[in-house]
Each structure stands twice: as structure tokens, then as C-alpha cells.
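Each remark here refers to the structure printed beneath this line.
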Amino acid sequence: MILLHHPEVELSRELLATLPEGCGCVDWTSAVQREEYAALAASGNGPPPSAFPSVIVDVPAYAEDRPLFGAQGEFLGMALVTVPAHQEALRLPASWDAVASFNASVAERTRLRPAVPAG
């Protein structure tokens with residue numbers, strides 16, 4: 001996890017004060033840290049923030065049902081597809097407990113709907 005922090009935002013300061021072990025932090029007022037994170041985001045390894053604070057979390061691959069459409073736009077039915085592992089930005093989490101509840105939810109979704117094997 002990575003906390004995208006801005007010191008002018010009270011909630012951001014509160015989350016920083018209780019930063020869990022192993023969680024990184026990017027201070028958005030630091031040009032160097034912001035540019036390093038932007039380089040990661042540009043390579044697909046971290047979504048940009050839409051608000052401060054934001055917490056970047058890893059979402060494991062999982063399967064979900066999606067509609068299938070033919071060449072003419074006709075609905076062909078539903079198919080089980082894999083959503084690849086990715087990162088999401090949790091916008092304005094009220095607490096680390098809120099972040100933990102999101103992480104628990106995506107872990108349970110992955111357990112219940114594991115990624116479809118390729119092939």
C-alpha cells in the first residue's frame with residue numbers, strides 16, 4: 001500500500017500519523033516524490049490520485065461475468081473472464097480500518113471467484 005499524502009489535508013495527516021508498517025508514503029508537496037510516483041503511474045504501476053489522501057492498494061486477479069457481443073453488436077450471452085491483478089486508488093479513506101475492509105473484501109472476492117486459467 002502507498003499513502004498519497006498532502007500535509008494541508010487533516011485526514012491525510014491523521015492517516016500518516018498512524019501509517020501501518022510496510023505502507024509507503026508519497027508526500028505530494030515533494031516534487032521529487034511526486035515525479036517518482038508519476039513515473040510509476042505512467043508505467044501502469046499506480047493510479048494517479050483524484051483527492052488527498054488516497055491509498056493505493058493491490059487488487060489480486062479475479063473472475064467475473066461479462067456480457068459478450070458479436071461483430072454487429074448483438075448480445076451473445078455471458079462469459080466468465082479474468083480481471084487481471086491491478087492497483088486501485090481508494091479516495092479519501094476515513095481510516096486504516098476502512099482500507100483493511102476493502103482489502104478483506106477483494107481477498108474474499110478472489111477466493112470465491114478465482115482467476116480463470118488461461119487457455
Side-chain angles (χ1 to χ4, degrees):
M1 291 187 303
I2 302 169
L3 171 65
L4 301 183
H5 166 67
H6 199 294
E8 293 179 6
V9 179
E10 182 178 359
L11 178 57
S12 194
R13 293 190 306 268
E14 290 170 6
L15 289 175
L16 180 62
T18 57
L19 193 70
E21 188 172 325
C23 182
C25 178
V26 174
D27 182 339
W28 215 252
T29 61
S30 164
V32 170
Q33 289 183 29
R34 189 174 58 247
E35 288 171 11
E36 286 174 354
Y37 181 78
L40 282 175
S43 68
N45 293 319
S50 62
F52 293 101
S54 288
V55 175
I56 306 305
V57 295
D58 293 322
V59 176
Y62 62 95
E64 73 176 15
D65 293 315
R66 290 203 181 154
L68 291 176
F69 298 96
Q72 304 301 314
E74 68 275 18
F75 176 67
L76 300 174
M78 299 298 288
L80 191 62
V81 298
T82 293
V83 176
H86 61 281
Q87 291 184 317
E88 289 186 21
L90 298 181
R91 186 177 190 265
L92 302 172
S95 66
W96 289 110
D97 286 340
V99 175
S101 73
F102 177 85
N103 286 336
S105 176
V106 298
E108 180 66 2
R109 177 180 61 197
T110 300
R111 185 185 72 76
L112 294 172
R113 301 291 300 264
V116 178

Using side-chain heavy atoms (C-beta onward) and a distance below 4.5 Å, is T29 in contact with E8? no

Side-chain touch Y37/I56, heavy atoms, less than 4.5 angstrom: yes

Just by distance, do the side chain of Y62 and the backbone of V116 share a donor-acceptor pair under 3.5 Å? no

Looking only at atom types and distance, does a side-chain atom of T110 sit under 3.5 Å from a main-chain N or O of V106, one as donor and one as acceptor? yes

Smallest separation among heavy atoms of P47 and A89, with atom names: CG-N, 3.6 Å

Are the side chains of V83 and R66 in touch, meaning some heavy atoms are under 4.5 Å apart? yes

Has Q33 got a side-chain atom pairing as donor or acceptor with D27's backbone, closer than 3.5 angstrom? yes

Is there a continuous path of hydrophobic side-chain contacts, each under 4.5 Å between heavy atoms, that joins L16 to L11? yes

What is the distance from atom SG of C25 to atom CD1 of I2, rounded to the nearest 0.5 Å? 9.5 Å

Can you check whether S54's main-chain N or O pairs, donor with acceptor, with R91's side chain at less than 3.5 Å? no

Which pairs pass ring pair (Phe, Tyr, Trp, His ring centres under 6.0 Å) with one or both residues in residues 1-23, sequence neighbours excluded? H6-F52

Looking at E74, I want to see if its CD is surrounded by more than 12 non-hydrogen atoms of other residues, nucleotides or ligands under 6.0 Å. yes

Check A98 against A94 and note the closest heavy-atom contact, atom names and distance. CB-N, 4.3 Å

Establish whether M78 and V81 are linked, either directly or via other cluster members, by ILVMFWY side-chain heavy-atom contacts under 4.5 Å. no

Is the side chain of S30 donor-acceptor paired with the backbone N or O of V26 at a distance under 3.5 Å, no angle test? no

Between W96 and L15, is there a donor-acceptor pair closer than 3.5 Å when you use the side chain of the first and the backbone of the second? yes

Could you report the tightest heavy-atom contact between L19 and G24, atom names first, then the distance? CD1-O, 4.1 Å

Are L92 and V99 linked, directly or through intermediate hydrophobic residues, by side-chain heavy-atom contacts shorter than 4.5 Å (ILVMFWY only)? no

Once rounded to the nearest 0.5 Å, what's the spacing between atom CE of M1 and atom CG of L3? 9.5 Å

Return the minimal non-hydrogen interatomic distance between A61 and T82, and the atom names on each side. CB-CG2, 4.3 Å

Is there side-chain contact between R113 and D65, with heavy atoms separated by less than 4.5 Å? yes

